[in-house]
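See structure below.
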Number of protein chains: 2
Amino acid sequence: MAHDTKDGAATILFNISAVERETGLSKDTLRVWERRYDFPHPVRDDNGDRAYTTGQIAKLRLIKRLLDQGHRPGKIIGLDDEHLERLVTEPAGDQPPRQDIAVYIRLVRSHQALELRRHLSQAMARQGLQKFVVDTVAPLTRAVGEAWMRGEIAVFEEHLYTELMEGLLRNAITALQPQGNAPRVLLTSLPNEPHNLGLLMVEAMLTVENALCIPLGTETPVTEIAQAAQAHRVDMVALSFSSAYPESKAIDALRELRSLLPDSTLLCAGGAGIARIRRRLDGIQLIIELEKMCELVRQWRAEHSSY
Amino acid sequence: MAHDTKDGAATILFNISAVERETGLSKDTLRVWERRYDFPHPVRDDNGDRAYTTGQIAKLRLIKRLLDQGHRPGKIIGLDDEHLERLVTEPAGDQPPRQDIAVYIRLVRSHQALELRRHLSQAMARQGLQKFVVDTVAPLTRAVGEAWMRGEIAVFEEHLYTELMEGLLRNAITALQPQGNAPRVLLTSLPNEPHNLGLLMVEAMLTVENALCIPLGTETPVTEIAQAAQAHRVDMVALSFSSAYPESKAIDALRELRSLLPDSTLLCAGGAGIARIRRRLDGIQLIIELEKMCELVRQWRAEHSSY
DNA sequence: GTCAACTATTTGTCTAGGACAACTCGGGCA
DNA sequence: TGCCCGAGTTGTCCTAGACAAATAGTTGAC
């Protein structure tokens with residue numbers, strides 16, 4: 001077991017805030033699960049505060065993934081690790097592990113930063129930027145995230161990967177200079193969503209499509225997004241959500257933002273946190289595939305061609 | 001009043017989750033402020049849930065800024081908008097504003113992203129990377145931060161500035177390929193320190209000095225930093241602290257990290273959060289001036305030259 | 001068998017008020 | 001000045017109850 005904690009000595013414990021951050025489950029949810037399902041059942045520290053183990057966090061993450069897949073808390077909390085593992089791996093095994101991804105992962109784990117960079121640069125040159133983003137960056141980033149969840153990749157290794165990939169994408173983006181009849185696209189994420197890679201992927205895709213991107217980085221409050229959209233007179237606003245982002249909060253915020261934007265402004269939301277949403281949301285484009293964004297840009301251009 | 005809501009019709013109201021997202025103040029904090037200071041005092045919706053107005057959110061943001069400047073909640077919550085505004089503008093004006101900086105600031109405020117980028121690029125080419133970082137990026141970033149504190153620059157404008165500058169620096173860094181007798185330097189920040197610009201400035205300075213930087217991005221836990229230092233066999237570890245980082249926590253973390261690193265590894269800490277520390281810390285280099293890092297690299301090289 | 005409508009159960013998030021550790025500030029002392 | 005201690009402040013945790021929204025299950029009509 002990767003996260004074995006039989007070391008007897010001072011096992012690291014996490015307070016409820018840390019668990020909220022790590023799992024994306026709110027403090028309220030954690031407490032009410034404990035009350036109802038008796039899991040997680042953390043020990044208490046000297047102050048009577050909950051103290052969670054890494055094992056509990058790992059199981060919570062597993063449960064979160066199953067919830068995202070449509071399972072219900074009452075049915076799966078309480079199952080032991082083996083059952084959960086079986087559930088989670090069952091519908092995942094549709095993809096045979098890709099050879100090139102495995103190579104990259106190996107480089108990440110062996111700290112060969114320069115080598116990794118070289119390989120990825122070559123892949124980018126070979127595939128072209130858009131194909132590189134869709135076929136390499138996206139699946140690789142997912143694979144790194146999953147390996148990290150399984151404890152196969154350390155935090156610092158994942159950090160270095162992210163940093164390296166950001167540099168690579170930013171570099172490629174700067175080299176392009178959009179012009180012409182381009183829609184103006186605002187790119188950002190909501191507070192508590194610090195992941196920038198997804199946004200950079202979109203920016204890369206769109207810049208190739210000759211759109212004019214205005215990247216605000218991550219964690220912009222809804223009201224600020226609305227102001228920025230007005231100030232920059234953008235045609236589209238695109239938000240990114242990682243899988244840890246709570247679905248209900250994403251929906252609330254999107255509705256809020258939709259009401260603050262002019263009707264003529266297109267509002268798009270994408271990322272793993274969006275992919276699982278079933279419902280239709282009025283006036284909001286849910287982006288499942290990266291290519292969809294490009295399509296929207298082309299569509300916009302067709303509708304706004306002045307010829 | 002800036003955010004007058006005399007439109008009579010359905011004023012948009014925000015629930016407590018939305019306010020948490022927009023202001024960064026936790027639900028607990030919002031409730032306890034209401035109990036203790038009677039502000040914010042939201043109306044209640046049909047379910048008895050708190051419903052905040054945009055005016056209240058604006059005031060909360062203002063208060064948040066003042067807290068970041070070192071004011072205390074009990075002293076300032078309860079003051080009316082005018083008093084708050086006066087507080088926020090007060091403690092400026094010690095420096096005569098530099099002409100070029102003022103020009104950049106004006107571009108930030110008028111959302112001329114492309115123009116700003118062009119100006120900065122030119123400055124970089126004119127000054128050279130190191131001088132650009134020390135004489136332009138550092139003071140400009142400080143000026144943007146201060147203008148934001150005073151409310152002269154909106155959050156989204158500051159975001160765009162940061163994003164643009166990151167792109168610029170990253171681009172310049174990638175263009176350089178260090179080699180030779182280079183010290184290996186690990187660059188990162190501690191959890192709760194999300195600012196990356198300072199790290200990029202250091203990386204730019206050091207890469208020009210021909211050091212081999214290993215950037216981990218921001219928010220790496222202490223133990224992970226120690227592991228990374230070992231895995232990458234680094235000669236130096238450099239951490240960045242912004243002014244908002246609590247001094248005592250910085251010192252604790254630095255001491256802990258020092259104890260986890262081999263004695264032969266140099267540990268450096270810099271940034272506005274470090275500049276105010278008076279005390280000497282054994283085995284830890286406090287970096288006040290960016291140039292100091294370059295000096296340390298040269299020193300290292302002198303000590304490790306194999307000739 | 002399929003679909004719609006209705007009811008039951010599940011589930012997340014809100015509420016209130018209490019407690020307390022960690023932090024800040026000011027005064028007193030070396 | 002520098003350091004320590006006590007008083008006051010402040011954010012985050014706690015318990016336990018309530019309820020709206022979402023989902024599952026049941027019934028009945030076609």
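First the proteins, then the strands, lettered A, B, ... as listed; each starts at 1.
Phosphate proximity of dT9(D) to Tyr37(B): absent, as no side-chain N or O sits under 4.0 Å from OP1 or OP2. For Ser17(B), a side-chain nitrogen or oxygen approaches OP1 or OP2 of dC14(C) to under 4.0 Å. Within the structure, a side-chain polar atom (N or O) of Thr29(A) is placed less than 4.0 Å from OP1 or OP2 of dT13(C). Phosphate contact (OP1/OP2 of dT13(C), side-chain N/O of Ser26(A), threshold under 4.0 Å): present.
The only option from Asp38(B), Ile63(B), Asp28(B) that meets the side chain to side chain contact (heavy atoms under 4.5 Å, CB included) definition with Trp33(B) turns out to be Ile63(B). The one candidate from Ile225(A), Leu267(A), Thr220(A) that meets the side chain to side chain contact (heavy atoms under 4.5 Å, CB included) condition with Leu186(A) is Ile225(A).
Closest approach to the Arg35(A) side chain among dG17(C), dT10(C), dG17(D) is made by dG17(D) (side chain taken as heavy atoms from C-beta onward).
Atom CD of Glu34(B) is separated from atom C1' of dT12(D) by 17 Å (rounded to the nearest Å). At whole-Å resolution of the value, NZ in Lys27(B) and P in dC14(D) are 15 Å apart. We find that CZ of Arg44(A) is positioned 14 Å from P of dC20(C), with the value rounded to whole Å. We find that CG of Asp45(A) is positioned 13 Å from P of dC20(C), with the value rounded to whole Å. Taking atom CD1 on Ile251(B) and atom P on dC23(C), their separation rounds to 12 Å, with Å as the unit. In this structure, CG of Asp28(A) is placed 15 Å from P of dG17(D), rounded to the nearest angstrom. Residue Ile77(A) contributes atom CD1, which lies 12 Å from atom C1' of dG12(C) at whole-angstrom precision. Protein atom NE2 of His71(A) is 16 Å distant from nucleotide atom C1' of dT10(C), rounded to whole Å.
Heavy atoms of Arg50(B) sit under 4.0 angstrom from primed sugar atoms or phosphate atoms, though from no base atom. Within the 4.0 angstrom heavy-atom criterion, no nucleotide atom of any strand lies near Lys249(A). Using a 4.0 Å heavy-atom criterion, one finds that Asn47(A) contacts the sugar-phosphate atoms exclusively.
Distance alone, capped at 3.5 Å, is enough to place a donor-acceptor pair between the Arg61(B) side chain and the Glu22(B) backbone.
A donor-acceptor contact under 3.5 Å links the side chain of Arg36(A) to the base of dG12(C). Between the side chain of Arg31(A) and the base of dG12(C), no donor-acceptor pair under 3.5 Å is found.
Side chains of Glu193(A) and Thr218(A): no donor on one and acceptor on the other come within 3.5 Å.
By the 4.0 Å N-to-carboxylate-O rule, Glu34(A) lies close enough to Arg44(A) to be salt-bridged with it.
With the nearest nucleotide of DNA chain D identified for both Ile16(A) and Val32(A), Ile16(A) has the one nearer the 5' end.
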